[in-house]
Participant: 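Please find one structure pasted underneath; my questions will follow.
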Protein chains: 2
Amino acid sequence: MRTTKQRKLVLEIINNSHDHLNAEDIYYECRKKLPNISLGTVYRILNQLSERQMIKRLKFESYDCFDSMKRQHSHFYCVKCHHIYDIFDELINVDKIKVPGKINDYDVKFVGTCDVCLNKKED
Amino acid sequence: MRTTKQRKLVLEIINNSHDHLNAEDIYYECRKKLPNISLGTVYRILNQLSERQMIKRLKFESYDCFDSMKRQHSHFYCVKCHHIYDIFDELINVDKIKVPGKINDYDVKFVGTCDVCLNKKED
DNA sequence: CTCCTTATTAGTAATGATTACTAAATATAG
DNA sequence: CTATATTTAGTAATCATTACTAATAAGGAG
């Protein structure tokens, strides 16, 4: 895998973001520094980086989001406001899980209604 | 929500299946009994049922799969053969998890290479 | 440093899963 | 049984993602 300015930029954007960016978000961020980068390039880089486990692909809505690999965490998705909250509690001891194979990665996702939206409803 | 033969059939198919069927799979199953059912109807019913938490929507590949609600379980996805294994160990005590809201549902997904594919590789 | 090979890119077209739309059909409350 | 609102089949449209191609650029060998 060659070091290109496009790939470095995509990785940098993901590693420096605390949000859950999708391909389009990352594309627009990229264009601030590389105005000619193409969306296809962003998609290809995202695929390469997640295959090599340099970033994490998340499936929440109709599109995929991407997270840095910095720290394992879970997610709580609010069905009302569609916000994704990071949950940093250690939930699973992966070494103890018995699966019929070798685990590369795992993902814990909670779905529900966040406190902000619950409070709105009670008005 | 009215009781229609289409909706009853979709729910029945999901509840009686041990696989992880996608919309197209369910559509073809449906057509065995209702040859005129349309794919759009299947999609609409799948959305209604999962919104009402009568079935569970799973996001693994480029398309969504659907599971019955019968028994909470996790999944192990093999990146080589794309098979989805059910994991029935209790991994998480949901009551103890602190999230900023009310949890309706959760999902634990492991990704890696299954034993079958690991053994193939070693030949 | 220069050349050469091969990966990568920008731009665009194509794909595939899902949703939107509409007139006709059907469930169910009264 | 009748009226009304929901649901349906069939089709067109949408949206995220992938495929394709000629041009560009990374980086190893000389």
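Not measured: the values here are computed from a predicted model. Quick note on labels: first sequence line is chain A, next is B, and so on, each numbered from 1.
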Participant: Within this structure, what is the OH-to-P distance between A/Tyr63 and C/dT19, rounded to whole angstrom?
Facilitator: 14 Å
Participant: Rounding to 10 degrees, work out the angle separating the end axes of the helix from C/dC1-D/dG30 to C/dG30-D/dC1 (five pairs an end).
Facilitator: 40°
Participant: Let's see if you can work this out: which of C/dT8, D/dT17, D/dT8 has an atom nearest to the side-chain heavy atoms of A/Asp64?
Facilitator: D/dT17
Participant: Nearest heavy-atom pair of A/Asp19 and A/Asp67: which atoms, and what distance?
Facilitator: O-OD1, 3.9 Å
Participant: Report the residue (B/Ser62 or A/Ile45) whose heavy-atom-nearest nucleotide on DNA chain C is the more 5′ of the two.
Facilitator: A/Ile45
Participant: Whole Å only: how far is the CG atom of B/Leu34 from the P atom of C/dT26?
Facilitator: 12 Å
Participant: Can you tell me how far P of D/dA16 sits from OH of A/Tyr43, to the nearest Å?
Facilitator: 7 Å
Participant: Is A/Gln6 close enough to C/dA10 that one of its side-chain N or O atoms is under 4.0 Å from OP1 or OP2 there?
Facilitator: yes
Participant: Closest to the B/Leu39 side chain: D/dT8, C/dT18, D/dG10?
Facilitator: C/dT18
Participant: Identify the two heavy atoms, one from B/Asp25 and one from B/His20, that lie closest to each other, and give their separation to 0.1 Å.
Facilitator: OD2-O, 4.3 Å
Participant: So what does A/Thr4 touch, heavy atoms closer than 4.0 Å: a base, only the sugar-phosphate, or nothing?
Facilitator: sugar-phosphate
Participant: For the pair made of CZ in A/Arg44 and C1' in C/dA10, what is the distance, rounded to whole Å?
Facilitator: 9 Å
Participant: Round to the nearest Å and state the distance from B/Arg2 atom CZ to C/dA25 atom P.
Facilitator: 16 Å
Participant: What is the distance from OH of A/Tyr27 to C1' of D/dC15, rounded to the nearest Å?
Facilitator: 15 Å
Participant: Which residue, B/Thr3 or B/Asn47, contacts DNA chain C at a nucleotide closer to its 5' end, judged by nearest heavy atom?
Facilitator: B/Asn47
Participant: Just how far, in rounded Å, is C1' of C/dT18 from CG of B/Asp25?
Facilitator: 15 Å
Participant: Below 4.0 angstrom, which residues in residues 9-19 of chain A have at least one non-hydrogen atom near DNA chain C?
Facilitator: none
Participant: For the residue pair B/His82 and B/Tyr77, categorise the inter-ring angle as parallel (less than 30°), tilted (30 to 60°) or perpendicular (more than 60°).
Facilitator: tilted
Participant: Could you report the tightest heavy-atom contact between B/Asp64 and B/Asn22, atom names first, then the distance?
Facilitator: O-CB, 3.2 Å
Participant: Linking Ile, Leu, Val, Met, Phe, Trp and Tyr by side-chain heavy atoms under 4.5 Å, what else ends up with A/Phe66?
Facilitator: A/Met1, A/Leu9, A/Val10, A/Leu11, A/Ile13, A/Ile14, A/Leu21, A/Ile26, A/Tyr27, A/Tyr28, A/Leu34, A/Ile37, A/Leu39, A/Val42, A/Tyr43, A/Ile45, A/Leu46, A/Leu49, A/Met54, A/Ile55
Participant: Quick one: CG on A/Asp86 to CZ on A/Arg71, what's the gap to the nearest 0.5 Å?
Facilitator: 9.5 Å
Participant: Roughly how far apart are B/Lys102 NZ and A/Cys117 SG, rounded to 0.5 Å?
Facilitator: 13.0 Å
Participant: Under 6.0 Å between ring centres, would you say that holds for B/Tyr85 and B/His83?
Facilitator: yes
Participant: Out of curiosity, B/Phe60 CZ to B/Lys109 NZ, how far, rounded to the nearest 0.5 Å?
Facilitator: 5.5 Å
Participant: Could you check how far CG of B/Leu21 sits from P of C/dA17, rounded to whole Å?
Facilitator: 15 Å
